[in-house]
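Chain naming here is simple, since letters A, B, ... match the order of the sequence lines and numbering starts at 1 in each.
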There are 2 protein chains.
Amino acid sequence: MSKSRKVSFQDIKSEVIKRIQNRVWRQGTLLPTEHELALEFDCARATVNRALRELAEEGIVDRKRKSGTRVNMSPIKQAKFEISIVRQTIEDTNAIYRYSLVDRALAQAPDWLRAQLNVPVDGQVLYVKCMHYADDHPFQIEERWINVDAVPDVVDADFTQSGPNEWLLAEVPFSNAEITFCAVAATEAMAEFLAAPLNAPLFQMERKTWFRGKPVTFVRMSFRPGYRMSTKY
Amino acid sequence: MSKSRKVSFQDIKSEVIKRIQNRVWRQGTLLPTEHELALEFDCARATVNRALRELAEEGIVDRKRKSGTRVNMSPIKQAKFEISIVRQTIEDTNAIYRYSLVDRALAQAPDWLRAQLNVPVDGQVLYVKCMHYADDHPFQIEERWINVDAVPDVVDADFTQSGPNEWLLAEVPFSNAEITFCAVAATEAMAEFLAAPLNAPLFQMERKTWFRGKPVTFVRMSFRPGYRMSTKY
DNA sequence: CAGTGGTCTAGACCACGGT
DNA sequence: CCGTGGTCTAGACCACTGG
C-alpha cells in the first residue's frame, strides 16, 4: 500500500537541501553517514552516495573520508558560464550573424605574447583580427594570436569566410583553457570598429588555450558597449 | 599475469578523451554503446556509464536515449567561476581585508528594483552601501538592496562591523541566484570611493538572489580599475 | 516496438586519514 | 586501527525516443 516508487538520488538531494534550508542541519553540521542515510531512506548506499557526491560537486557540502559529510559554510561557491562561439551567441538572440576579416599577418611572437603563451624566442605566430556583427551592428572585436608551432596548418587556413574560432574548434578537438574577464576603455581603433565613443567602457574576455600541453592560441574579445554576460545557478 | 587492477571510470574517461584528441572519434561521431564499451574495457556497464555521464556533464559528449552518445561539435562549453565573498577573495591574495559601512537606509523599493526583484508596490527594502579594502586600497564598492519581507530580521542587523554579505550567508543557508558581469564607466561618486579617474572603465558584477522562491537581495559590486576575474578549465 | 541510456540494488573491496 | 567515503560489479527494471 505504501512504497509507491523506489527512492531516487534526486529525492535524497532535495530532502537534504530542504533540511539545510529548514535549519535541521545548520552550516558546519556533520550529516549522518551514508550507511545511516541509506537505512533512513530505505535505499542502497550507492544511491545516497550519488546524491551526496553531487551535492559536494555543487559546493553544498564537504566530504572527507573518515570525518564524514558536513554542510559547507558558504553554500554558493561556483557559477557556470556557457561559453559558446560568437556565431552561436548571436544566433541565440535571433539576430543575423555576419563575419568580417580585418587583418591577418604572420610574425615573430612579441615579448608580451611569448610570456603569455610560453612560446620560444624565435616562435612564429599568426595574428588575426576580425569582426562579428549581429544584425549588422558591431558585436565583438576578435584579436587572436595563434602559435604556428602548435598548429602548422593554420598558415594555409583561409579566414576570409569564417573566423579562426571555428577553424580551431575543428582542428583542436579538445583543450585546456584559461579565461579572464575585465573592463577596458575603448581605444581609438576599438571605438571606430564598434561604433562606440572613445574611452567607452567595454567588457573584455581573454582566453588562453593549450592542446596536449602546448600553447595554441591567445584571443582577446572586446564586446560592444553595454554587453552583459549572465548566468543562473 | 595481466589484469593488474580493476578498470576505473577515470581510465575510461581518459581513454575516451585520448581517442577524441587522436581523431579516432571525430566531432559528431557516434560512440559505441555502453554495453559495447563495457565489453571492450572488460568492466561493468555502470562504470562506463559514470565515465560517459561525467563527460556529458563537462560538455565533451552529448547523450540521448536510443540515439546513443556522440562527440560534441564544440567541446569547450562551460567555464566555472568560484564566487566567494569579498573577504575571502582579498585574503586569498595575502592582503589585509578592511570593511567600511558607507550608508544604510530603509526605504520603499524604487520602481527599477521592484522590477528586478519582483517586490510588491509597497514593499520595503534596506539599502546598504559599503566598501571593501585590500591593504587599505579601495577594492570594491558594494551597493545592496535587501527585501525586508523576505528577511525581516535584517532591519535589526548591524552592518557597522561586517558586511551584509556575511550576514545573509548565515541567515539564508541556500539560495538560487543570477549573476551578471558587465563594464561601466565610473560615476563621480564611484571614482571618489575607488580613488579612480572619472569615467574609468570598471568591472561590475550584479547578483540577484532568491530563497524559497522569494527575492531576497540585489547587489551591485563595482571593482577597482584593472580588476580581472580568471578561471581555468 | 525495440534499442539506448538512466537508475537502483546488494554486496564487496579499497584508500584515506583521524584516534 | 578502523570508520568513512570511493568505487566496482552483476544484474535488473524503467523511460525515453527514433525508426
Of the nucleotides D:dT9, D:dC2, C:dG5, which has the atom closest to the A:K66 side chain? D:dC2
Has B:T47 got a side-chain N or O lying under 4.0 Å from the OP1 or OP2 atom of D:dT9? yes
Calculate the interatomic distance between A:E54 atom CD and C:dT7 atom C1'; express it in whole Å. 12 Å
Are the side chain of B:Q78 and the backbone N or O of B:E57 linked by a donor-acceptor pair below 3.5 Å? yes
Separation of C:dC8 atom C1' from A:D42 atom CG, nearest Å, is 12 Å
In this structure, how many angstroms lie between the P atom of C:dG6 and the CG atom of B:L52, rounded? 9 Å
B:R63 side chain near C:dG6 phosphate (N/O to OP1/OP2, under 4.0 Å): yes
Protein-nucleotide distance (A:K13, atom NZ; C:dT7, atom C1'), rounded to Å: 14 Å
From NZ of B:K64 over to C1' of D:dC16, roughly how many Å is that when rounded to an integer? 12 Å
Just to confirm, is there a sub-4.0 Å distance from OP1 or OP2 of C:dG5 to any side-chain nitrogen or oxygen of B:T69? yes
Do the side chains of B:E58 and B:K13 get close enough for a salt bridge, i.e. N-O under 4.0 angstrom? yes
Distance flag, aromatic centroids of B:F81 and A:F81, threshold under 6.0 Å: yes
In whole angstrom, give the distance that lies between atom NZ of B:K6 and atom C1' of C:dG11. 11 Å
Can a side-chain donor-acceptor contact be found between B:R212 and A:N22 if the only test is distance below 3.5 angstrom? yes
Within-4.5 Å side-chain heavy-atom neighbours: B:R144 and B:T217: yes
At less than 3.5 Å, do the side-chain atoms of A:R45 and the base atoms of D:dG6 form a donor-acceptor pair? yes
Do the rings of B:F223 and B:F203 sit parallel, tilted or perpendicular, given the 30° and 60° boundaries? tilted
Residues in contact with DNA chain D, drawn from residues 31-40 of chain A - heavy-atom cutoff 4.0 Å: A:T33, A:E34
Are B:E142 and B:R220 close enough for a salt bridge, meaning some N to O gap below 4.0 Å? no
Which sits closer to the 5' end of DNA chain C, A:S67 or A:R50, going by the nucleotide each is nearest to? A:R50
Nucleotide of C:dT9, D:dC8, C:dC8 approaching A:F9 most closely (side-chain heavy atoms): C:dC8
Quickly work out the B:R65 CZ to D:dC16 P distance and round it to whole Å. 6 Å
In whole angstroms, how far is the C1' atom of C:dA15 from the CD atom of B:Q10? 15 Å
Taking the side chain of B:N49 as its heavy atoms from C-beta onward, which of D:dA10, C:dT9, C:dT7 lies nearest to it? C:dT7
